[in-house]
There are 2 protein chains.
Amino acid sequence: MLARVSTNPAFKRLPRAVREQQMLDAAVKVFSRRGYHAASMDEIAEDAGISKPMVYAYLGPKEDLFVACLHRECTRMIEAIAGAAAPDLPPDERLWRGLRAFFGFVGAHRDGWSVLYRQTRGEPPFAGQLATMRARMVEVIAGMLDDALRAQGREVRETDLEVIAYALVGASESLADWLADNPTADPEKTATRMMNVAWLGAGQLIEGAVWRPADG
Amino acid sequence: MLARVSTNPAFKRLPRAVREQQMLDAAVKVFSRRGYHAASMDEIAEDAGISKPMVYAYLGPKEDLFVACLHRECTRMIEAIAGAAAPDLPPDERLWRGLRAFFGFVGAHRDGWSVLYRQTRGEPPFAGQLATMRARMVEVIAGMLDDALRAQGREVRETDLEVIAYALVGASESLADWLADNPTADPEKTATRMMNVAWLGAGQLIEGAVWRPADG
DNA sequence: GCGTAACCTTACGCACGAGTAGGTATGCTG
DNA sequence: CAGCATACCTACTCGTGCGTAAGGTTACGC
């Protein structure tokens, strides 16, 4: 039988780098829809408009493919947040910018978020990878809190800071899930809500306190 | 070949109810260690000290078995938290008791927690089940906040409350994960930390505020 | 214009694990 | 002690999906 190349005149041979991105796009989409195990290499290949052996040739077996997805999405996200980083601002402003960048990213890459977090959490082979990245985030937040404390000449045990940071990261992840599930929801508004809980706490919220962004 | 029953004199025939619990224990253990897909029915059967067909006879196919695990662990947890519920207390006290019960449960049933949450999150067939339960928790928290607000004659849009509650639940889940991964960590202390973040927020924590339980 | 390398295909092997068929032992009831 | 329900086993079938072998097609350098 003839190859697809000659059957379909619209089909084009493409350089490796391009195909790889197409495959990763497809993989992220399928992984996020089906979950790691239920996603089949055949479906990913088909969705990428290419045949399975090409996927193996370029990106290796399933596990490597998933890690590649993880890596790409992770890098994008870190970049997005890093772009908003500004170490010399007051802590609430730093937190706010970080959150806004984070929720903005999730809102714009809902599939990516899903594959990155929801899938990875439960799968033992990848959970470690994710934990490492989360640890980096926790460290950043904890460092920020620590800075703020030292500026006042006070100190808190490191474990406490870490746990607090962990809670904040967890809350953000959950709201990100919520955002990913509610396509009509507004990332900016979600970030504001998260900022309110994180900064003011339930106690002050009940008493009517509100945190608002300084600009706009 | 002879049946195990006659080969091993120490082996005992047991009534269905007992075996079912043994199977569920084994299933929770294996599911939590391997993840839903990587867990094999053979391993679960072996771990339960029984043969595979018995598992199928009593608890049905893999999916049903997992749901059964989910159900049992879920019931246990709800019971544990419900036992600490006391609607007539001030909101901070209510939150505190709920958190303490929650972290106490997770600390005592780390496998159960793992199978309940970490696994379920990513697997499409079960995610709905979990979402329902989480929704119940969110509703409870949101209701509590709402009560506190109405008592002051104020009101907040329902979506806002829901999102805030969602964030609190998410933060608790994350700290529970952390707790499950750190066997040496103390559930009580973790609950206290969570309470501090949730109630006071990062802003007040930085300024040195501390929340402490009223009793003990 | 022609080889060679890169691109791309169809079609298969093979392992693994869910679920089952069919038969054996045991204890309870009369 | 017959009869019957229940607990329990070994040993299979069979689908599914990962990963690959072997071969066809197009572009590019000379």
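Remember, it's a predicted structure, so these values are computed and weren't measured experimentally. Below, chains carry the letters A, B, ... as their sequence lines are ordered, and counting in each starts from 1.
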No-hydrogen, no-angle side-chain donor-acceptor test under 3.5 Å, A:His37 and B:Glu123: no

Pair A:Trp199-A:Trp96, ring pair (Phe, Tyr, Trp, His ring centres under 6.0 Å): steps then yes or no: CA-CA 9 Å; A:Trp199 195 250; A:Trp96 165 241; over 10 Å; no

What string of B, S and - do you get for nucleotides 2-7 of chain D 5' to 3' if you count protein non-hydrogen atoms under 4.0 Å? ----BB

Tell me: CD1 of A:Ile44 to C1' of D:dG17, nearest whole Å? 12 Å

Do B:Arg72 and B:Asp25 sit within salt-bridge range, that is, some charged N less than 4.0 Å from a carboxylate O? yes

Walk along nucleotides 12-17 of chain C from 5' to 3' and tag each nucleotide B, S or - by protein heavy-atom contact under 4.0 Å, base first, then sugar-phosphate. ------

Closest contact, heavy atoms only, A:Pro187 versus A:Phe103: CB-O, 3.5 Å

Rounded distance in Å - CD (B:Glu43) to P (C:dA18): 10 Å

Under 3.5 Å side-chain donor-acceptor pair for A:Gln119 and B:Arg121: no

Below 30° counts as parallel, above 60° as perpendicular, anything between as tilted: where do the rings of B:Tyr36 and B:Phe126 land? perpendicular

I need the full list of salt bridge (charged side-chain N to carboxylate O under 4.0 Å, His left out) pairs touching residues 49-66 of chain B, with sequence neighbours left out, sorted by first then second residue. B:Asp42-B:Lys52

Cationic N near anionic O, under 4.0 Å, B:Asp186 to B:Arg193: no

